[in-house]
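Counting begins at 1 with the first residue of the sequence.
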Amino acid sequence: MSNLAPEPGTPLPGETPAVSPGTAKPFLRITMGGRSLDVHTSQLGPVDDAEARQQTGGPLSPMFEPGYVFGSDTLIALWWFARRRHGEPRLRYRDVVAEFPTVASIYAAEPDITQIDPATETDALVDEVGADPEA
């Protein structure tokens, strides 16, 4: 009988691998209510997009594209994903929406999305939430 257990450190089905030192790519740091969570694009997989489609109606992967403009719904979707990755795997999108039911409640949390480049240790504001893209 063979050992069917995966090698230590091998992601289980549905999990995405951890970011390895030396292979770090730019990532997003999202801050809401004074709490900051980092979201690495390498953490996003097909299971995440499928779960996002089921709970939010759309995929998460476009949010990681350069120049993506966040609206209130996509900001909350990214915050939902980040929290799921940081210890709340069963968190539902609708529960996060209930925490921030209005644009005013989102602004009160002082949201910020920053792209961090570990190679240069610099950051750049990805999008000023609510900013007029035509301005």
Side-chain angles (χ1 to χ4, degrees):
M1 182 170 186
S2 68
N3 182 359
L4 298 178
E7 292 291 319
T10 302
L12 298 173
E15 292 183 336
T16 50
V19 176
S20 302
T23 61
K25 296 180 180 175
F27 60 91
L28 299 179
R29 177 167 293 144
I30 179 170
T31 303
M32 295 279 289
R35 180 181 177 195
S36 293
L37 300 174
D38 293 345
V39 181
H40 296 262
T41 56
S42 62
Q43 292 177 322
L44 183 64
V47 171
D48 299 306
D49 269 342
E51 182 70 20
R53 276 191 182 94
Q54 181 181 10
Q55 292 201 36
T56 71
L60 292 168
S61 49
M63 294 179 208
F64 292 91
E65 296 298 322
Y68 186 84
V69 178
F70 288 86
S72 61
D73 61 334
T74 53
L75 170 69
I76 295 304
L78 184 60
W79 184 240
W80 164 74
F81 173 70
R83 287 177 56 185
R84 286 174 60 95
R85 285 289 177 206
H86 288 274
E88 300 178 71
R90 290 183 171 74
L91 182 65
R92 295 176 301 182
Y93 175 73
R94 70 178 180 211
D95 293 334
V96 179
V97 170
E99 292 176 36
F100 303 99
T102 64
V103 172
S105 65
I106 294 170
Y107 280 126
E110 299 179 350
D112 180 60
I113 302 170
T114 305
Q115 184 176 26
I116 308 292
D117 184 350
T120 60
E121 298 184 18
T122 60
D123 59 359
L125 185 64
V126 172
D127 178 42
E128 186 173 329
V129 177
D132 181 357
E134 301 297 320

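- The pair Arg84-Asp48 does not count as a salt bridge, with every side-chain nitrogen at least 4.0 angstrom from each carboxylate oxygen.
- Applying the salt bridge (Lys or Arg N to Asp or Glu O under 4.0 Å) criterion to Asp49, with sequence neighbours excluded, gives no partner residue.
- Taking both residues in full, the closest heavy atoms of Val39 and Phe27 are given as O-CB, 3.3 Å, listed atom of the first, atom of the second, then distance.
- Sorted by first and then second residue, the salt bridge (charged side-chain N to carboxylate O under 4.0 Å, His left out) pairs involving residues 67-83 (not counting sequence neighbours) are Arg83-Glu88, Arg83-Glu99.
- Considering only heavy atoms from C-beta on, Arg92 comes within 4.5 Å of Gln55 through its side chain.
- A donor-acceptor pair is defined here as one N or O able to donate and one able to accept, closer than 3.5 Å; such a pair exists between the side chain of His86 and the backbone of Asp38.
- Atom CZ in Phe81 sits 15.5 Å away from atom CD1 in Ile76 (nearest 0.5 Å).
- Nearest heavy-atom pair across Trp80 and Leu91 is NE1-O, 2.9 Å.
- Residues meeting the side chain to side chain donor-acceptor pair (under 3.5 Å) test with Arg53, sequence neighbours left out: none.
- Atoms CD1 and CZ, on Ile30 and Arg35 in that order, are 10.5 Å from each other to the nearest 0.5 Å.
- With sequence neighbours left out, Pro62 forms a side-chain contact (heavy atoms from CB on, under 4.5 Å) with Pro59, Tyr68.
- For the residue pair Val69 and Thr74, the shortest heavy atom distance occurs at O-OG1, 4.5 Å.
- With sequence neighbours excluded, the residues satisfying side-chain contact (heavy atoms from CB on, under 4.5 Å) with Ala77 are Thr56, Leu60, Met63, Tyr93.
- With rounding to the nearest 0.5 Å, the separation of CG in Leu37 from CZ in Arg29 is 10.0 Å.
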